[in-house]
Student: 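The structure under discussion is supplied below as structure tokens; questions concerning it will follow.
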Amino acid sequence: MNWQSDLNSIETSFAPTLERWYERHKRDLPWRHTRDPYRIWLSEIILQQTRVAQGKPYYERFVAAYPTISEMARTDERDLLRLWQGLGYYSRARNLHQTARYVTTQLDGKFPDTYHELLKMKGIGSYTAAAIASFAFGERVPVVDGNVYRVLARVFGIEEDITSTQAKKTFAALAMKLIQSANDPATYNQAIMEFGAIQCTPMSPDCLLCPLQQQCVAYLTGRQNKLPVKSKKAPVRERFFNYFIFRNNGKIALRERMTRDIWQNLYDFYLLESERSDSLSGTSNELQTALSATSVQESLHEVVRERVLAVPPTEAVQLLSHQRIRAQFYIIDLPDHLAGSLPIDLQWYTPDETEHLPKPVLITNYLDKLFG
DNA sequence: AACGCGGGGGG
DNA sequence: CCCCCAGCGTT
């Protein structure tokens with residue numbers, strides 16, 4: 001047997017092997033009990049760049065709140081974002097809502113049922129289109145997600161940088177070839193992702209019990225921990241947020257974030273961002289990000305044009321994958337005669353109203369501490 | 001082709 | 001501390 005026919009046999013046995021592995025190892029997950037394209041779509045959007053353990057409770061809450069796509073279409077975007085709160089990548093929630101409305105009103109509630117039609121929907125890219133097309137409609141189109149990159153890079157010894165455009169073509173072509181031998185496209189797609197999540201994990205994969213062990217280029221050459229190749233990401237940006245929490249008559253002032261920045265359409269407090277600390281005590285970590293007392297008074301003077309009391313701020317750090325935000329929170333109790341002269345985008349909310357607004361985790365955590 | 005976009009969990 | 005997670009849209 002020459003190397004070419006040998007490789008060919010690996011390619012034809014790959015999918016059936018994973019399908020058999022899957023039947024013995026699959027987890028019982030709620031979206032695996034339905035073929036409703038709406039629920040499959042919902043689960044796939046939630047699971048984008050999100051671990052199953054983190055996304056599962058959100059899926060349950062969304063299905064309970066919006067059992068059908070028309071019910072999701074009928075809700076306010078703000079309520080949907082509130083339900084999404086804490087999951088991150090909030091454009092997913094906005095696109096979810098937009099697509100729910102589009103399908104309900106323009107497509108008469110009938111979800112697109114082919115890969116190419118699905119691709120046209122907001123928030124549905126190549127991965128999600130393939131997932132829905134195969135899981136809900138049985139179309140023979142391969143999913144290519146982070147799990148698939150890892151499994152294929154290892155089994156077939158692919159050394160291309162998976163962040164490059166050329167590599168994406170290489171993996172997509174190989175995936176398309178491999179799915180041709182699957183007994184069932186939906187089962188195979190589930191299988192390869194589950195295999196990547198459970199067995200062929202990023203760190204210390206379980207090669208000793210692996211059904212592909214003797215065909216895996218990475219294992220046979222001792223490169224499990226070198227593949228896939230992935231170039232490093234950009235360094236984390238440091239930002240300094242100075243939040244002012246105006247209070248009056250039991251209410252607090254919040255505003256919706258409208259700019260092209262993080263947390264779009266979520267609510268936070270009046271914000272002054274500073275390039276860096278202007279604190280003089282550069283040796284103290286605690287104070288490095290605080291504005292000086294003078295700066296605080298100057299900043300507030302622009303807002304309310306009168307001396308107001310700023311109690312010593314509390315500090316919090318919020319880590320995002322691409323930013324590190326160091327926040328200072330200043331509480332400002334405004335006298336009644338100043339409560340009407342806030343910046344235009346700020347509005348007063350009761351604690352109960354505030355609870356129902358979508359907010360970044362940084363803000364939610366602070367409010368929880370503030371109100372107990 | 002590169003970049004921006006959240007937040008959390010595990011080694 | 002670093003990595004990565006059932007990726008996508010914009011520039």
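Per chain, numbering begins at 1; letters A, B, ... match sequence-line order. Below, each value reflects all heavy atoms present in this structure, side chains not excepted, and no hydrogens, waters or symmetry copies.
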Student: Listed by chain and number, what are the side chain to side chain donor-acceptor pair (under 3.5 Å) partners of K177(A), not counting sequence neighbours?
Tutor: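 In terms of side chain to side chain donor-acceptor pair (under 3.5 Å), with neighbours along the sequence ignored, K177(A) is linked to E11(A).
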Student: Once you apply a heavy-atom cut-off of 4.0 Å, does T128(A) come out as touching a base, just sugar-phosphate, or nothing?
Tutor: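 Sugar-phosphate: the residue T128(A), judged by heavy atoms under 4.0 Å, touches backbone atoms but no base.
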Student: Measure all distances between protein nitrogen or oxygen atoms and nitrogen or oxygen atoms of nucleotides 2-4 of chain B, and list the pairs falling under 3.5 Å.
Tutor:
none

Student: Checking side chain to side chain donor-acceptor pair (under 3.5 Å) against D268(A), which of W263(A), Y243(A), Y366(A) comes through?
Tutor: Y243(A)
Student: In whole angstrom, what separates L320(A)'s CG from dC3(C)'s C1'?
Tutor: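 Nearest whole value for this atom pair: 16 Å.
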Student: Output all residues satisfying side chain to side chain donor-acceptor pair (under 3.5 Å) with S43(A), sequence neighbours left out; order by chain, then residue number.
Tutor: none
Student: Round to the nearest Å and state the distance from Q224(A) atom CD to dG11(B) atom P.
Tutor: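 Computing the Q224(A):CD to dG11(B):P distance gives 17 Å.
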Student: Any chance CZ of R27(A) has more than 12 other-residue heavy atoms, nucleotides or ligands included, within less than 6.0 Å?
Tutor: yes
Student: Quick one: on DNA chain C, does N95(A) or M203(A) contact a more 5' nucleotide (nearest heavy atom)?
Tutor: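 Taking each residue's closest nucleotide, the earlier one in sequence belongs to M203(A).
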Student: Can you pull out the residues from residues 20-33 of chain A that lie within a 4.0 Å heavy-atom distance of DNA chain C?
Tutor: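 W31(A), R32(A) - these, ordered by number, are the residues of the stretch whose heavy atoms sit under 4.0 Å from the strand.
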Student: Using the C1' atom on both, measure dA6(C) against dC3(B) and round to a whole Å.
Tutor: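 Approximately 22 Å lies between the C1' atom of dA6(C) and that of dC3(B).
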Student: Given atom CG of L47(A) and atom C1' of dG7(C), what is their separation to the nearest angstrom?
Tutor: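 Going from L47(A) (CG) to dG7(C) (C1'), I get 11 Å.
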Student: Whole-Å distance between dG7(C) P and F171(A) CZ?
Tutor: 15 Å
Student: Compare the minimum distances between each of dG7(C), dC5(C), dG6(B) and the side chain of K230(A), then state the nucleotide with the smallest one.
Tutor: dC5(C)
Student: Can you label the angle between the F244(A) ring and the Y270(A) ring as parallel, tilted or perpendicular, going by 30° and 60°?
Tutor: tilted
Student: Any side-chain N or O of Q49(A) under 4.0 Å from OP1/OP2 of dG7(C)?
Tutor: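 Yes, because at least one side-chain N or O of Q49(A) sits under 4.0 Å from OP1 or OP2 of dG7(C).
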Student: Rounded to whole angstroms, how far apart are CZ on R39(A) and C1' on dA6(C)?
Tutor: 19 Å
Student: Across the strands shown, which category fits L87(A) at heavy-atom distances under 4.0 angstrom: base, sugar-phosphate, nothing?
Tutor: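 Base contact.
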Student: Between the side chain of H97(A) and the main-chain N/O of A93(A), is any donor-acceptor distance below 3.5 Å?
Tutor: no
Student: Between E238(A) and R326(A), is there a salt bridge with N-O shorter than 4.0 Å?
Tutor: yes
Student: In chain order, what residues pass the side chain to side chain donor-acceptor pair (under 3.5 Å) check against Y267(A), with sequence neighbours excluded?
Tutor: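 Result, side chain to side chain donor-acceptor pair (under 3.5 Å) vs Y267(A): R78(A).
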Student: Side chain of Q54(A): nearest nucleotide among dG9(C), dG6(B), dA6(C)?
Tutor: dG6(B)
Student: Taking everything shown except H25(A) itself, do over 12 heavy atoms lie less than 6.0 Å from its NE2?
Tutor: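 Atom NE2 in H25(A) is packed in, count exceeds 12.
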Student: Quick check against the 3.5 Å criterion: does T99(A) have a side-chain atom that pairs as donor or acceptor with the backbone of L96(A)?
Tutor: no
Student: For dG6(B) versus dT11(C), give the span between their P atoms, rounded off to a whole number of Å.
Tutor: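 Their P atoms lie roughly 15 Å apart.
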Student: Please work out the stems of DNA chain B from pairs that are Watson-Crick or G-U wobble with both distances under 3.5 Å, keeping only runs of three or more consecutive pairs.
Tutor: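 Only these stems qualify: B:1-5 with C:7-11, B:7-11 with C:1-5.
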Student: I'd like the C1' distance from dC8(C) over to dG9(B), given in whole Å.
Tutor: 23 Å
Student: Taking atom C1' of dG8(B) as reference, at what distance in whole Å does atom CG of N365(A) sit?
Tutor: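 Atom-to-atom, N365(A) to dG8(B), this comes out as 12 Å.
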Student: Report which part of the nucleic acid G86(A) touches: base, sugar-phosphate, or nothing (heavy-atom distance under 4.0 Å, all strands).
Tutor: sugar-phosphate
Student: Choosing from dG7(B), dC4(C), dG6(B), which nucleotide comes nearest the side chain of P202(A)?
Tutor: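 Among the listed nucleotides, the one closest to the side chain of P202(A) is dC4(C).
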Student: Tell me what V361(A) touches on the nucleic acid: a base, only sugar-phosphate, or nothing, going by heavy atoms under 4.0 Å.
Tutor: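 Answer is sugar-phosphate: V361(A) comes under 4.0 Å of backbone atoms only.
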Student: Which residue lies toward the 5' end of DNA chain B, S204(A) or W263(A), if each is placed at its nearest nucleotide?
Tutor: W263(A)
Student: Picking from dA6(C), dC4(C), dG7(B), which would you name as closest to the side chain of N147(A)?
Tutor: dA6(C)
Student: Using whole Å, report how far CZ of R260(A) lies from P of dT10(C).
Tutor: 9 Å
Student: When you measure from the side-chain N and O atoms of R150(A) to the phosphate of dC5(C), is any distance below 4.0 Å, counting only OP1 and OP2?
Tutor: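 Checking R150(A) against dC5(C): at least one side-chain N or O falls below 4.0 Å of OP1 or OP2.
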Student: Measure from NZ on K168(A) to P on dC8(C) and round the result to the nearest Å.
Tutor: 11 Å
Student: Look at the rings of Y38(A) and W41(A) and say which category their plane angle falls in: under 30° parallel, 30 to 60° tilted, over 60° perpendicular.
Tutor: tilted
Student: Give a yes or no on whether D368(A) atom CG has more than 12 heavy-atom contacts from other residues, nucleotides or ligands under 6.0 Å away.
Tutor: yes
Student: Between L80(A) and I124(A), is there shared hydrophobic-cluster membership here, with clusters defined by ILVMFWY side-chain heavy atoms closer than 4.5 Å?
Tutor: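 Yes; I124(A) is reachable from L80(A) via cluster members.
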Student: Below 3.5 Å, does any donor atom in the side chain of R92(A) face an acceptor in the base of dC5(B), or the other way round?
Tutor: no
Student: Establish whether the base of dG6(B) is bridged to the side chain of S321(A) by a donor-acceptor pair shorter than 3.5 Å.
Tutor: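 It does, because a donor-acceptor pair links the side chain of S321(A) to the base of dG6(B) below 3.5 Å.
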Student: State, with a plain yes or no, whether a side-chain heavy atom of F14(A) is found less than 4.5 Å away from one of I192(A).
Tutor: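 Side chain of F14(A) against side chain of I192(A), heavy atoms only: contact under 4.5 Å found.
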Student: Please check the phosphate of dG7(C) (OP1 and OP2 only) for any side-chain N or O of S126(A) closer than 4.0 Å.
Tutor: no
